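Keep in mind that the numbers below use all heavy atoms, side chains included, and drop hydrogens, waters and symmetry copies. Note that this is a predicted model, so its numbers are computed, not measured. Just so it is clear: chains get the letters A, B, ... in the order the sequence lines come, proteins before strands, and each one is counted from 1.
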2 protein chains.
Amino acid sequence: MNEVAKRAGVSIATVSRVLNNSESVNEETRLKILKAIKELKYQPSRVAKRLRSKSGSSNLLGVLVPDIRNPFYVDVLMGIEDVAYRNNYAIIMCNFGQDEKKEAMYLDILESEAIDGLIAAPATEYDQRLKKMVKNGLPVVCVDRGLKDSDVDLVWVNNEAGAYAAVDHLIRKGYKRIAHIGGLPSIPSSVLREKGYRSALIDHQILPDPGLIRLGDSTYESGVRLASELLKSKTPPDALFTGNNLITLGALETIHALKLKIPEEIAIIGFDDMSWANSLNPALTAVRQPAFEIGKRAGELLIQRISDPKRPCIQMTMNAELMIRSSC
Amino acid sequence: MNEVAKRAGVSIATVSRVLNNSESVNEETRLKILKAIKELKYQPSRVAKRLRSKSGSSNLLGVLVPDIRNPFYVDVLMGIEDVAYRNNYAIIMCNFGQDEKKEAMYLDILESEAIDGLIAAPATEYDQRLKKMVKNGLPVVCVDRGLKDSDVDLVWVNNEAGAYAAVDHLIRKGYKRIAHIGGLPSIPSSVLREKGYRSALIDHQILPDPGLIRLGDSTYESGVRLASELLKSKTPPDALFTGNNLITLGALETIHALKLKIPEEIAIIGFDDMSWANSLNPALTAVRQPAFEIGKRAGELLIQRISDPKRPCIQMTMNAELMIRSSC
DNA sequence: ATGAAAGCGCTAACAT
DNA sequence: ATGTTAGCGCTTTCAT
């Protein structure tokens with residue numbers, strides 16, 4: 001920057017001004033400076049800028065997700081990245097593997113990096129560390145999972161309605177013994193989805209059978225294991241409603257290993273669609289969250305909030321759509 | 001930091017010293033400072049540190065990947081993240097979607113962020129922008145794809161041998177008309193995999209049939225489309241060797257849409273395994289790249305290189321293992 | 001319209 | 001063993 005100033009015969013202050021195309025700068029000197037910048041291939045240091053101007057212009061965002069292996073989150077990430085890139089924001093990726101300790105450490109790092117804002121799917125609704133950061137003024141928008149009693153935007157889907165639609169569909173198709181493999185109860189969406197499952201049953205005068213409900217830890221392995229328990233029992237279900245992407249895939253592994261026919265011997269609907277649902281055999285019926293859109297909206301909300309920190313909080317609930325294909 | 005110094009009754013220099021646990025600091029004052037840090041919940045600014053000490057200790061890494069939707073890259077990313085996290089490095093994620101312009105802009109950002117090092121799967125082997133950064137002294141390790149005439153470490157698999165093994169297996173199983181759906185010829189691994197495919201055919205006295213080789217753009221859609229062209233032709237193949245994860249999934253969609261039986265009517269082996277290969281029906285036979293391991297090794301090499309910039313370059317070629325399951 | 005200078009939070013000589 | 005101080009590259013008053 002010094003060199004640019006020298007070459008253009010001005011002070012660094014003026015260079016800074018044209019860089020932030022702010023205030024009044026003589027068109028002539030502006031051109032001179034621009035030329036010098038080109039010639040020297042000068043690139044401003046985002047680090048120095050960040051250090052200087054405490055907030056709102058450091059062009060750095062944090063993204064905190066529980067499991068990047070879950071295709072849902074990679075699509076959300078893609079949505080975020082799309083708007084971040086367009087707005088010249090870089091992204092620090094924090095994958096905490098649903099480990100609260102790791103999450104806390106990442107939050108420390110993010111704070112220490114002086115990010116402008118954060119998009120997070122927190123481990124729980126009661127995340128103290130995160131709530132404190134919000135209170136301290138960090139712009140945060142949550143995706144997929146909210147943050148109780150905190151001033152944050154939230155973009156998610158109607159989990160309960162989505163689950164309800166899936167189970168309702170199963171019932172109307174004539175399935176009687178519909179099992180549910182859920183995720184960690186500490187994750188809000190797990191609870192909501194189970195609730196939708198129960199409501200649908202009850203609305204059809206079916207008493208939820210505790211033996212048909214298994215809660216795991218939201219992983220692929222839990223899907224494999226719990227589906228196996230369910231399907232090998234004396235009174236196995238005739239349909240499965242699985243609580244997320246990874247669980248669905250795990251359950252599918254078990255179903256195929258047991259050589260069960262879908263949907264004749266066992267129907268299955270998963271929460272979370274996958275872009276390659278048609279590559280499964282049979283094509284998977286699933287509750288689709290508009291993941292890319294969720295990420296995109298979250299990104300937009302965050303950028304808004306950064307420039308206007310006191311705008312009231314918004315909760316965007318998107319529709320979870322049942323994509324009926326062949327697995328039920 | 002100022003406050004910590006005040007509270008502990010020392011100068012900020014001493015605080016800095018215990019923070020970097022360097023040099024000789026009186027144990028007594030050390031304890032005092034540590035106590036003050038605890039009490040004030042002081043967290044050092046990584047930004048200021050980065051600004052100050054030009055290189056090697058900013059604790060920031062860049063990761064540049066072509067397509068985060070490809071499960072292979074997310075596993076690589078997990079491997080990188082694993083070692084980065086352990087070493088207190090944050091990661092700036094750059095997903096360039098095989099778009100060279102976007103890649104160049106991300107490289108600009110990374111440079112401007114003063115990263116300590118970069119792990120990249122560059123768009124092409126001839127990436128000028130990246131080569132310049134290497135020349136300028138940025139520690140870089142490449143994954144999956146190399147960088148011609150440049151001083152970088154490289155971690156990848158033996159693509160040609162992996163492809164060869166897959167096609168060889170197909171031939172031994174008795175398949176006669178083995179088609180190949182490849183990826184972008186500008187990507188080195190695409191070329192290498194096609195080469196392996198051809199070698200295997202030739203070694204078995206089969207003349208590669210140009211009509212059975214289709215090159216796309218490495219996407220899911222290309223898999224759908226090219227598989228459709230191949231399978232609907234007058235003289236369709238009896239086996240498919242697909243060039244990457246996404247292509248495989250796309251081809252699978254077409255196969256199922258056409259209600260072709262695997263492997264009786266059409267066998268398929270994909271390059272790139274997936275953690276849920278068993279969830280496909282039938283379970284997919286695939287050439288497995290140890291993706292997590294690749295990421296981990298790359299991360300380790302990068303950290304080494306950061307602390308010792310002149311250590312000679314290493315090329316780590318891992319084995320691509322044929323995972324025989326039921327699709328051929 | 002432009003320049004001078006202070007300072008963001010830290011590290012690394014150099015002094016003591 | 002510890003303190004003083006000069007920057008790192010930028011933004012932003014305050015002068016001019």
What integer distance in Å separates B:Lys6:NZ from D:dT2:C1'? 18 Å
B:Val10 near the nucleic acid: base, sugar-phosphate alone, or nothing, with a heavy-atom cut-off under 4.0 Å? sugar-phosphate
Per A:Val25 side chain, nearest of listed nucleotides C:dT2, C:dA12, C:dC10: C:dT2
Quick one: B:Asn59 CG to C:dT11 P, roughly how many Å, whole number? 11 Å
Whole-Å distance, B:Glu3 CD to C:dC10 C1', equals 15 Å
Is the shortest heavy-atom distance from the side chain of B:Leu107 to the side chain of B:Leu118 under 4.5 Å? yes
A side-chain contact here means heavy atoms from C-beta on lying under 4.5 Å apart; do A:Ile80 and A:Lys296 qualify? no
Choose from C:dA12, C:dA1, C:dG3 the nucleotide whose nearest atom is closest to any side-chain atom of B:Arg52. C:dA12
How would you label the contact of A:Ser16 with the nucleic acid (heavy atoms, under 4.0 Å): base, sugar-phosphate, or nothing? base
Spell out yes or no: do the side chain of B:Arg17 and the base of D:dG3 have one donor N/O and one acceptor N/O closer than 3.5 Å? yes
For a quick test of reading the model: is some side-chain N or O of B:Asn20 closer than 4.0 Å to OP1 or OP2 of C:dT11? yes
Looking at A:Thr14, does any N or O in its side chain come under 4.0 Å of the phosphate oxygens OP1/OP2 on C:dG3? yes
A:Glu27 atom CD is separated from C:dA1 atom C1', nearest whole Å, by 13 Å
Under 4.0 angstrom, heavy atoms only, what part of the nucleic acid is B:Arg50 near: base, sugar-phosphate, or nothing? nothing
Please state whether the phosphate of D:dT2, meaning OP1 or OP2, lies under 4.0 angstrom from any side-chain nitrogen or oxygen of B:Thr29. yes
Can you tell if the side chain of A:Glu100 reaches within under 4.5 Å of the side chain of A:Arg129, non-hydrogen atoms only? no
Ranking C:dG3, C:dC10, D:dC10 by distance to the side chain of B:Pro44, first place goes to C:dC10
Contact under 4.0 Å: B:Ser11 side-chain N or O vs D:dG3 OP1/OP2: yes
What is the distance, rounded to the nearest whole Å, between atom CD of B:Glu28 and atom C1' of D:dA1? 12 Å
Just by distance, no angles: are the side chains of A:Tyr126 and A:Asp149 close enough, under 3.5 Å, to form a donor-acceptor pair? no
B:Lys49 NZ to C:dC8 C1', straight-line distance once rounded to whole Å: 17 Å
From CG of A:Asn21 across to P of C:dA1 the rounded distance in Å is 15 Å
Report the nucleotide, chosen from C:dA4, D:dG3, D:dC10, that has the shortest atom-to-atom distance to any side-chain atom of A:Met1. D:dC10
Ignoring hydrogens and angles, tell me if any N or O in the side chain of B:Arg69 forms a donor-acceptor pair with the backbone of A:Asp75 under 3.5 Å. no
Between atom CD1 in A:Ile12 and atom C1' in D:dG9, what is the gap in whole Å? 8 Å
